[in-house]
There are 2 protein chains.
Amino acid sequence: MKNNYSDTEIKIKDAAKSLFLKKGYSATTTRDIARESDINLAMLNYYFRSKRKLFEIIMFETLYEFLSKMVEVYNDEKTSLEQKLKLCSEKYIDMIIAEPLLPTFVLNELKNNPTSFLKMPTTKMIMTSNFVAQYQEGVKKGIYIKVDPIHFVTNVLSIIVFPFMCSPIIMKIENLSKKDFNIMMTKRKKLIPAWIIQMIKK
Amino acid sequence: MKNNYSDTEIKIKDAAKSLFLKKGYSATTTRDIARESDINLAMLNYYFRSKRKLFEIIMFETLYEFLSKMVEVYNDEKTSLEQKLKLCSEKYIDMIIAEPLLPTFVLNELKNNPTSFLKMPTTKMIMTSNFVAQYQEGVKKGIYIKVDPIHFVTNVLSIIVFPFMCSPIIMKIENLSKKDFNIMMTKRKKLIPAWIIQMIKK
DNA sequence: ACATGAATTAAACAAATGATTAATAAAAAA
DNA sequence: TTTTTTATTAATCATTTGTTTAATTCATGT
């Protein structure tokens, strides 16, 4: 079996992703990427035509991977709402601990270029997911407090993701190392589902 | 009475703040700022010595203003915890509606330069505020569920601020205009305190 | 009115940056 | 092997960008 992607092409993409995540699009230069990936500067344009094109490919792939993992949990037919809450709290936090710069990067670059999100097929799927349906079912049954599902979904995501975006602040005011911070986030994995349930239960 | 700040100095700062918020530090050029503020390019260096210095002044002032407003609510001796929740939900949402790019800007630039936050005197004050004390009192009385105050504070801020950072996504999946989005956020002003109370109440 | 210092301007500079070119090396096809 | 295509390199180009300079205008105090 032969590899479709050349070695250098992957090296460029890996280095570029790492740099874009760390410094953002504008602060990352093509020479940065060339140095980090240890390739000749011209190879970037040879494989990707332009810095912008390279960025867009990385942005798309990153978004796609992220959203796929989300929809996976939200649309599982076998799990209950409470199980889903536990699962997504755990999965997302693990995910972000593994790539802590991702949320800020995505939301920041999205602000400048919302079109790239429009292209994502999985985007709108969240509101029609099994997760939302189960919540609305619970509302009908009188178990859960009624609120527009968008608020419910937003709240869950807020409580999971936002702390990571604040990590420099939290680490500063609590005198935490990066390791300590991750321990704190790991503790949240169990706390969040309980909070959310408590929040919506009648 | 004479003005300490020259007209052009203010014009530069206003334009620079607007551009830095919109595009970030790196994507904003000194010529952008000169054009936007309708001043000669050299005036930027004349008044602020460098783009970086100008940025740091704006960053400091913006952070200071933001944090001052926060501490103001958190440390009010006259209000109860529940009143504080209502007040800060209302005040912060109004604040961010007035300047919606602020949270993403602050958190994003902070990531690259956490030192600027260290300089803020008000930073650590949050954890020693009356707000936190009142929560811990409630825990002692057995009214509230016990949890590390940092989680409590983080949750409140998450639910208030994060939706704004997601505004492009929310607007896309819900087909909202900017006006619609603001209406949604205005509705949250009343919902959030109820959610938080519900979340911590035994 | 005049002199002094501050404010403003156009022009220029040096470094950085995204991209291209032309030559060379490596790999694949013939 | 020879030919042809693909990959890689160093050098270069044209802009852009942050900053400075030197000349000019404006304001203020005398």
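- Judged as a side-chain contact (heavy atoms from CB on, under 4.5 Å), and not counting sequence neighbours, the contacts of B:Thr186 are B:Ile97, B:Lys189.
- For the residue pair A:Thr28 / A:Lys23, no side-chain donor-acceptor distance below 3.5 Å is found, with atom types taken as modelled.
- The side chain of B:Thr8 contributes an N or O atom lying less than 4.0 Å from OP1 or OP2 of C:dT8.
- For the pair B:Lys53 and B:Tyr47, the cation-pi criterion (under 6.0 Å, within 45° of the ring axis) is not fulfilled.
- Heavy atoms of B:Phe48 sit nowhere under 4.0 angstrom from any nucleic acid atom.
- Rounded to an integer number of Å, the gap from A:Lys53 NZ to C:dG18 C1' is 14 Å.
- Evaluation of the salt bridge (charged side-chain N to carboxylate O under 4.0 Å, His left out) rule for B:Glu65 yields B:Lys69 as partners, not counting sequence neighbours.
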Any protein N or O atoms within reach of nucleotides 22-24 of chain D? Criterion: under 3.5 Å, listing atom names and distances.
none

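- Rounded to an integer number of Å, the gap from NZ of A:Lys11 to P of D:dA7 is 14 Å.
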What protein N or O atoms touch nucleotides 18-20 of chain D N or O atoms at under 3.5 angstrom, if any, and at what distances?
from	atom 1	to	atom 2	distance (Å)
D:dG18	OP1	B:Lys51	NZ	2.8
D:dG18	OP2	B:Thr30	N	2.6
D:dG18	OP2	B:Thr30	OG1	2.9
D:dG18	N7	B:Arg31	NH1	2.8
D:dG18	O6	B:Arg31	NH2	2.8
D:dT19	OP2	B:Lys51	N	2.8

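- When rounded to the nearest whole Å, the span between CE of A:Met43 and P of C:dG18 equals 18 Å.
- For the pair A:Leu21 and A:Leu102, the tightest heavy-atom approach, listed with the atom from each and the gap, is CD2-CA, 3.8 Å.
- Separation of atoms CD (B:Glu137) and CG (B:Asn130) is listed at 8.5 Å; rounding is to 0.5 Å.
- Atoms CD1 (A:Ile12) and C1' (D:dT8) sit 11 Å apart, rounded to a whole Å.
- Qualifying side-chain hydrogen bond (donor to acceptor under 3.5 Å, both in side chains) partners for A:Ser80, counting only residues two or more places apart in sequence or in other chains: A:Gln83.
- The residues B:Glu61 and B:Lys17 are annotated as not salt-bridged, no charged nitrogen and carboxylate oxygen being separated by less than 4.0 angstrom.
- One interatomic measurement links the two molecules: CG of A:Leu54 to P of C:dT17, which rounds to 16 Å at whole-angstrom precision.
- Rounded to whole Å, atom C1' of C:dG18 lies 15 Å from atom CZ of A:Arg35.
- Look at CD1 on A:Ile33: it is 11 Å from C1' on C:dG18, rounded to the nearest Å.
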May I have the list of side-chain donor-acceptor pairs in residues 146-157 of chain A shorter than 3.5 Å, sequence neighbours left out?
from	atom 1	to	atom 2	distance (Å)
A:Asp148	OD1	A:Ile150	N	3.2
A:His151	ND1	B:Arg188	NH1	3.1
A:Thr154	OG1	A:Ile150	O	2.5
A:Asn155	OD1	B:Arg188	NH1	3.1
A:Asn155	OD1	B:Arg188	NH2	2.7
A:Asn155	ND2	A:His151	O	3.3

